[in-house]
Amino acid sequence: MPELAEVEVVRRNLVDWWEGRAASEVRLLDEDLPKESAPEQFVDALRHVVTEIRRRGKYLICAFADASSVVFHFRMTGKIIRCASPDVDYARAGWRVDETGWLVFKDQRRLGEARVFEAGEIDEYAPLQRMGPEPEDVTLQHLRDHCSDRRMLKTALLDQSIVAGVGNIAVSELFWRLQFAPGVKCGELTDEQMQALIEEMPRYFNEIIDFSMADEIRYIEEAGAASEKSPFQVYGREGEECPRCFDTIEKIRVGGRSSYFCRRCQR
DNA sequence: TAGTCTGTTAGACA
DNA sequence: CTGTCTAACAGACT
């Protein structure tokens, strides 16, 4: 479930599972996973010691001891999990790390990608170059400078060059928290409302990250009991009660994507 | 069968 | 030039 929070959860896991070590075996199961680089280049890169695993927006960046790096993007259904064998459904690549087991890039829809960069090349990668600030670094001035008054706030927030990492779920959840109408234009919001958004974004992501980390621990401790709890108040809850006013949550299309909201309290 | 989906990008159009 | 919409990518699910 890759929005910023999910990618951050993968990053934190990989710091424990992989950082400081090299894969002893690499299996590329889907040759389409490495984009614009040869399959051998991907396999070779992963054989080096990982020195740092960082996140930028929804991108996961693995830096290796030889100064090369691999950038993963999970798109809609990608993730990296730890398992006993690389032979799992939808696995596109797997690499074995001693004392960890297999790390597997799993991706049902196969829209995800991995890009290999040799020393220095990553600085030229346009999607990272044009990425906006992380949610915690956004300022009122930045938003006012980059969001024209007539643009929908939702569209602006999903634009990764304005804020890094915001996804469609986050927009519904943030708008519910802040009581913003789903189609509100940037120019319709006061500075106070914009400021509230700026403060709510990092709070929201941190809460989802904490929930997801706790959820994984719960999952492991309860030996595979599927997690039923959702950390979301409105996303995916069409027809349910608004947790604030108990009116019915609706689903509409805004900017080409679903928005879930409560008509009564979001105006 | 048709519509939907957590992301991104290119091209058409107003 | 701006902004919005659609299609495409690929597959599973309802």
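Residue numbers begin at 1 in each chain, while the letters A, B, ... track the order of the sequences. Here the structure is a predicted model, which means the values were calculated and not measured.
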Can you tell me how far [atom2] of [N] sits from [atom1] of [X], to the nearest Å?
X	N	atom1	atom2	value
A:Ile252	B:dC5	CD1	P	13 Å
A:Leu158	B:dG7	CG	C1'	10 Å
A:Glu238	B:dG3	CD	P	16 Å
A:Leu174	B:dT6	CG	C1'	14 Å
A:Asp159	C:dG3	CG	P	10 Å
A:Leu111	C:dG11	CG	P	9 Å
A:Phe205	B:dT6	CZ	C1'	11 Å
A:Arg92	C:dA12	CZ	P	13 Å

Within less than 4.0 Å of OP1 or OP2 of [N], is there a side-chain N or O belonging to [X]?
X	N	result
A:His73	B:dG7	no
A:Gln160	B:dG7	no
A:Lys58	B:dT8	yes

Distance from [X] atom [atom1] to [Y] atom [atom2], nearest 0.5 Å?
X	Y	atom1	atom2	value
A:Asn13	A:Ile80	CG	CD1	10.0 Å
A:Arg56	A:Arg11	CZ	CZ	13.5 Å
A:Met201	A:Asp137	CE	CG	10.0 Å
A:Arg75	A:Glu113	CZ	CD	4.5 Å

Identify all pairs in which a protein N or O lies below 3.5 Å from an N or O of nucleotides 4-8 of chain C, and state each distance.
residue, atom, partner, partner atom, Å
C:dT4, OP1, A:Met152, N, 3.2

Under 3.5 Å, is there a donor-acceptor pair between the [X] and [Y] side chains?
X	Y	answer
A:Gln195	A:Asp191	no
A:Ser85	A:Asp87	no
A:Glu118	A:Gln41	yes

For nucleotides 9-14 of chain B, list the nitrogen or oxygen atoms of the protein found under 3.5 Å from its nitrogen or oxygen atoms, one pair per line.
residue, atom, partner, partner atom, Å
B:dT9, OP1, A:Arg130, NH2, 3.0

- Are A:Phe117 and A:Tyr125 close enough, and set up right, to give a ring pair (Phe, Tyr, Trp, His ring centres under 6.0 Å), and what steps lead you there? CA-CA 9 Å; A:Phe117 297 95; A:Tyr125 186 43; 5.1 Å; yes
Between [N] and [M], how many Å separate the two [atom1] atoms, rounded to a whole number?
N	M	atom1	value
C:dC1	B:dT8	P	25 Å
C:dC5	B:dT4	P	15 Å
B:dT6	C:dG3	P	23 Å

- Query: Heavy atoms under 4.0 Å, any strand shown: does A:Lys251 hit a base, just sugar-phosphate, or nothing?
  - Reply: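 Since only primed, P, OP1 and OP2 atoms lie under 4.0 Å of A:Lys251, the category is sugar-phosphate.
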- Which part of the nucleic acid does A:Tyr90 contact within heavy-atom distance under 4.0 Å: base, sugar-phosphate only, or nothing?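 Sugar-phosphate contact only - A:Tyr90 comes under 4.0 Å of backbone atoms but never of a base.
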- Item | Within 45° cone of A:Trp176 ring axis and under 6.0 Å: A:Arg244 NZ or CZ |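 Geometry flag: set, cation within 6.0 Å and 45°.
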- Query: Do you know which of A:Lys154, A:Glu3, A:Glu173 makes side-chain hydrogen bond (donor to acceptor under 3.5 Å, both in side chains) with A:Asn168?
  - Reply: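 Between A:Asn168 and the candidates, side-chain hydrogen bond (donor to acceptor under 3.5 Å, both in side chains) is satisfied uniquely by A:Lys154.
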- Task: Please assess A:Phe74 against A:Phe105 for the test ring pair (Phe, Tyr, Trp, His ring centres under 6.0 Å), listing each intermediate value before the final yes or no.
- Result: CA-CA 9 Å; A:Phe74 301 106; A:Phe105 187 105; 5.5 Å; yes
- Item | Neighbour count above 12 (heavy atom, 6.0 Å) for A:Glu36 CD |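 Open.
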- Dot-bracket for DNA chain C, 5' to 3', with Watson-Crick and G-U pairs under 3.5 Å, [ ] for crossing pairs and | for other-strand pairs: what is it? .||||||||.||||
- Side chain of A:Ser258: nearest nucleotide among B:dG7, B:dT4, C:dT2?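 Of B:dG7, B:dT4, C:dT2, B:dT4 is nearest to the side chain of A:Ser258.
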